[in-house]
Amino acid sequence: MLLLLLLLTSTSNGDAQRIPGLKKDDSCSCQVNSSVWAFPAMKFEGVLQLVQDCGDSLQNLQAQVKLSNERLPEIQATIENVTARLEPYQYLNDQGLYTALHLRQLANELRGLEEDITSIHQDKPSDQTQKLTQEIGKVRKEVDKMHLSNTFNMKTVKEKLRSLKNGVESCRTIPEVFISKQGVCSQRIMSNISPPVITKISPYGKSYTSGSWGRQAKQVMEDQEGSGVFYWVQPLVNSHRLGNTVRRYRSYDDFMASKNHEDVSVAPSYSHANAIQGSGTVVYGEAVFYNCYYSPELCRYDLQTKVTTRLKIPDIGTNNEFPYCYYNCKDWTDTDFAADETGLWVIYSTRGNHGNLVLSRLDSEAFNVTHTWTTRLFKKSVTNAFMVCGILYATRYIDRFHEEVFYAFDTATGKDDNTLALPLEKIENGVASLSYNPIDRQLYMYNDGYLLSYQAIF
């Protein structure tokens with residue numbers, strides 16, 4: 001008798017297994033394959049090891065998280081500290097005003113300085129040229145070492161180059177500039193500034209709050225007595241930005257009475273390519289010098305020939321990029337012409353000098369740059385600037401009725417001084433222009449529609 005004996009066994013897939021059997025002598029006989037019941041010890045041990053490894057990894061991860069949580073305040077404090085230290089340089093980074101000076105550029109600049117100072121020393125040997133030669137030699141050794149080093153302070157080397165360039169320019173230009181002045185600039189530093197000696201509302205009215213004015217400037221050796229010079233006023237229209245007319249008076253009395261004037265048009269309209277932009281205008285000799293309309297170029301309008309010539313200075317800031325901006329920005333003051341006993345100057349800023357003041361002396365007839373000095377004074381940190389006897393002076397706002405001359409840069413030595421405190425009275429807040437005249441040694445300020453002049457005291 002065939003009996004089917006059902007045995008349930010565990011298989012690899014968890015299904016029940018049916019086992020056939022025979023009944024023999026009152027007993028059941030069947031054959032069972034026990035291999036299907038073998039326990040998967042190897043797999044179990046593998047899984048057990050994975051579980052153990054996972055537990056160890058989890059413990060390590062928990063330890064790392066705990067350590068990170070403990071160090072997080074320290075890391076945050078470090079980030080805040082670095083951020084605070086970098087914040088003053090964020091403007092330069094945002095505006096793209098800072099770029100590294102490559103070693104090859106350094107070498108080329110040094111080579112140019114070496115050639116210049118060698119030439120100057122051969123023509124005009126002096127203690128100063130000898131000293132500069134030695135200083136350039138020291139910098140040359142430092143730059144040579146930088147080629148073999150992975151770490152160096154580019155900013156420090158750049159500052160040394162700036163100082164050396166100023167020194168070379170001073171050696172090149174001082175002898176013919178100052179010795180020939182017969183003592184006019186023997187006492188070059190101003191000691192004080194008088195209260196206003198002229199106070200007058202602009203002949204165009206107080207609504208013309210921006211512009212420039214003064215007395216026709218000439219070099220002292222050209223016109224010792226100042227005969228034949230005239231007073232002039234140049235107002236800005238169209239959002240206090242543009243102009244095309246210079247009004248001149250042949251005498252002081254006519255100027256004070258606002259009569260007998262002559263309007264000179266330097267361009268057909270204030271939107272013409274040769275029109276005036278900004279309040280940095282000055283009349284020097286027989287020409288009007290100003291920033292050309294909506295352009296980085298400088299303009300020279302000849303009052304005799306009625307011809308306009310243009311000059312482009314590389315990298316010069318323009319169109320409100322670097323205006324005078326202390327306390328309250330005076331728009332369209334990127335370029336500022338100035339005159340003194342040594343000649344004609346232009347004051348401006350460049351990206352290469354990180355927005356700091358740059359000073360160039362001009363040949364007023366050929367209308368080109370003859371010498372250039374760079375300073376460490378940020379142009380937007382001053383209200384205005386002017387030249388006296390080869391020295392650049394800068395002013396800052398004190399209050400509505402007072403300015404202060406606080407800074408001087410001497411082109412004779414290439415050195416600056418920020419310890420000055422010369423008071424300057426005014427009537428209103430804004431200073432659109434401030435210039436010096438070497439004939440009467442007076443300062444001329446366009447002060448929100450008021451025309452003020454002061455005597456420079458030495």
Using the side-chain contact (heavy atoms from CB on, under 4.5 Å) criterion, which residues pair with [X]? Sequence neighbours excluded.
| X | result |
| --- | --- |
| Asp302 | Arg300, Gln304, Thr305 |
| Ala339 | Ala217, Tyr284 |
| Ser202 | Tyr204, Val233, Tyr446, Leu451 |
| Ile193 | Met190, Val405, Leu422, Leu424, Leu443, Tyr454 |

From CA spacing to verdict: side-chain hydrogen bond (donor to acceptor under 3.5 Å, both in side chains), Thr383, Glu403: CA-CA 9 Å; Thr383 53; Glu403 294 279 316; 2.6 Å; yes
Partner set under ring pair (Phe, Tyr, Trp, His ring centres under 6.0 Å) for [X], not counting sequence neighbours:
| X | answer |
| --- | --- |
| Tyr301 | none |
| Trp332 | none |
| Tyr397 | Tyr327 |
| Phe367 | Phe289 |

Phe386-Tyr393 aromatic ring centre distance below 6.0 Å: yes
Check: Tyr231 ring centroid to Tyr252 ring centroid under 6.0 Å: yes
Under the salt bridge (charged side-chain N to carboxylate O under 4.0 Å, His left out) test, residues paired with Arg241 that sit two or more places apart: none
Salt bridge (charged side-chain N to carboxylate O under 4.0 Å, His left out) against Glu428, all qualifying residues, sequence neighbours excluded: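 With sequence neighbours excluded, Glu428 shows a salt bridge (charged side-chain N to carboxylate O under 4.0 Å, His left out) to Arg400, given in chain and number order.
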Pair listing, disulfide bond (SG atoms under 2.5 Å apart) test, anchored in residues 291-320, at least two apart: Cys292-Cys299
Option from Asp417, Asn418, Leu420 for which side-chain contact (heavy atoms from CB on, under 4.5 Å) with Tyr407 holds: Asn418
Asn291, Asn244, Thr281 screened by side-chain contact (heavy atoms from CB on, under 4.5 Å) with Ile276, the one that passes: Thr281
Counterpart residues, side chain to side chain donor-acceptor pair (under 3.5 Å), relative to Ser265 (two or more places apart):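 Not a single residue meets the side chain to side chain donor-acceptor pair (under 3.5 Å) criterion with Ser265.
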